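All figures in this text were calculated on a predicted structure; none of them were measured in a lab. Sequence lines set the chain letters: A, B, ... in the order given, protein chains first and strands last, and positions in each chain run from 1.
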2 protein chains.
Amino acid sequence: MPPQNLDAIFAALADPTRRAILTRLASGEAGVNELTEPFEMSQPAISKHLKVLERAGLVERAIDKQRRPARLKAKPMAAAVNWLEEFREFWSSSFDQLDDLLTTLKQTELKEPGNE
Amino acid sequence: MPPQNLDAIFAALADPTRRAILTRLASGEAGVNELTEPFEMSQPAISKHLKVLERAGLVERAIDKQRRPARLKAKPMAAAVNWLEEFREFWSSSFDQLDDLLTTLKQTELKEPGNE
DNA sequence: TCGGAATATAACCATCTAGTTATGCAAGTA
DNA sequence: TACTTGCATAACTAGATGGTTATATTCCGA
């Protein structure tokens, strides 16, 4: 809910390893070792990434014997989608205005020194 | 186009100041001073943020006398939206898998009717 | 030609990040 | 009980990030 969350969510999504983990989790829960395998990276590194995803609320951990399987929690991701959608709407709604502006800017850009 | 871009885009979106700048730019181009004013932050700090947005391809700079007005370049943002949408689709499509059954049940405590 | 406006750049600093290796610990198994 | 598995945690490191102040650059206008 707080915009601080957006910070964490976007930051979490900014890393390719973490996006890959999310994609992997989209097809089902997975333990840490399982998640580590596809990457050329140590297990603690993956544990850290999982912690980042947890803090962002994108992932939940369960307890299954010694395993701590991670599972997707996609609802918070909606916050990111939402921001982008709203932004897109906002941006689109000012499209006409923006379009004129773009033309103006382009002329300004191309304007040569020495003329009006 | 390269996924590296996604890194930069999401990272750019992870900062509230930068999101605010983008929102501001959605309603029209703006110079650095103008962008600096609403924040309790120095002008160089804003210049840095603009550079991050530029590297992510979300912003373009023009030249107008001494000004370097920034303007939105929303197309790359579509990459982020795209990833999220695709992810959402992927995730939704695996909704009926065993692994996610618990999650599904948890999230659908309100809607019972069996839809497939 | 000089001063001021708008911005960039440099140098610096504290904090965060993403990785490493080494180690600890809880739970299942022989 | 002792070993193994699955994972977390600690301690460390290099480099990125986000801010600062001070200074340089560029262009306009008087």
Main chain of Met77(A), side chain of Arg88(B): is a donor-acceptor contact present, judged purely on distance under 3.5 Å?
no
Could you state the atom-to-atom distance from CG of Asn33(B) to C1' of dA8(C) in whole Å?
12 Å
To the closest 0.5 Å, what do you measure between CZ (Arg19(B)) and NE2 (His49(B))?
11.5 Å
Options dT17(C), dA8(C), dT21(C), nucleotide nearest the side-chain atoms of Ser42(A):
dT21(C)
Is the closest basic N to carboxylate O distance between Arg24(A) and Glu34(A) below 4.0 Å?
yes
Working note: Trp83(B) + Leu22(A), criterion side chain to side chain contact (heavy atoms under 4.5 Å, CB included); need CA distance, chi angles, decisive distance, verdict.
CA-CA 12 Å; Trp83(B) 188 88; Leu22(A) 289 175; 4.2 Å; yes
Check: Gln43(B) side chain, dA6(C) base, donor-acceptor under 3.5 Å
no
OP1 or OP2 of dT7(C) under 4.0 Å from side-chain N/O of Lys65(B)
no
Measure from CZ on Arg67(A) to C1' on dG28(C) and round the result to the nearest Å.
14 Å
At what distance, to the nearest 0.5 angstrom, does CZ of Arg71(B) lie from CD of Glu60(B)?
5.0 Å
Quick one: how far along DNA chain D does chain A reach, first to last nucleotide 5' to 3', anything under 4.0 Å to a heavy atom?
dT5(D) to dT9(D)
From the candidates dT9(C), dA11(C), dT20(C), the one with an atom nearest any side-chain atom of Lys48(B) is dA11(C)
How about Leu6(A) and Leu13(B): do any of their side-chain heavy atoms sit closer than 4.5 Å?
no
How long is the line joining CD1 of Ile63(A) and P of dA27(C), in whole Å?
9 Å
Kindly say whether Arg61(B) contributes a backbone atom to a donor-acceptor pair with the side chain of Arg68(B) at under 3.5 angstrom?
no
Heavy atoms from C-beta onward define the side chain here; which of dT7(C), dT20(C), dA8(C) lies closest to that of Met41(A)?
dT20(C)
Identify, between Val52(A) and Arg68(A), the residue whose nearest nucleotide on DNA chain C lies closer to the 5' end.
Val52(A)
To the nearest angstrom, the NE2-C1' distance between His49(B) and dA8(C) comes to 16 Å
With a cut-off of less than 4.0 Å, is there a side-chain N or O of Arg18(A) near OP1 or OP2 of dA18(C)?
yes
Glu54(B) CD to dA8(C) C1', in whole Å, measures 11 Å
Can you check whether Ser47(B) has a side-chain N or O nearer than 4.0 Å to OP1 or OP2 of dA8(C)?
yes
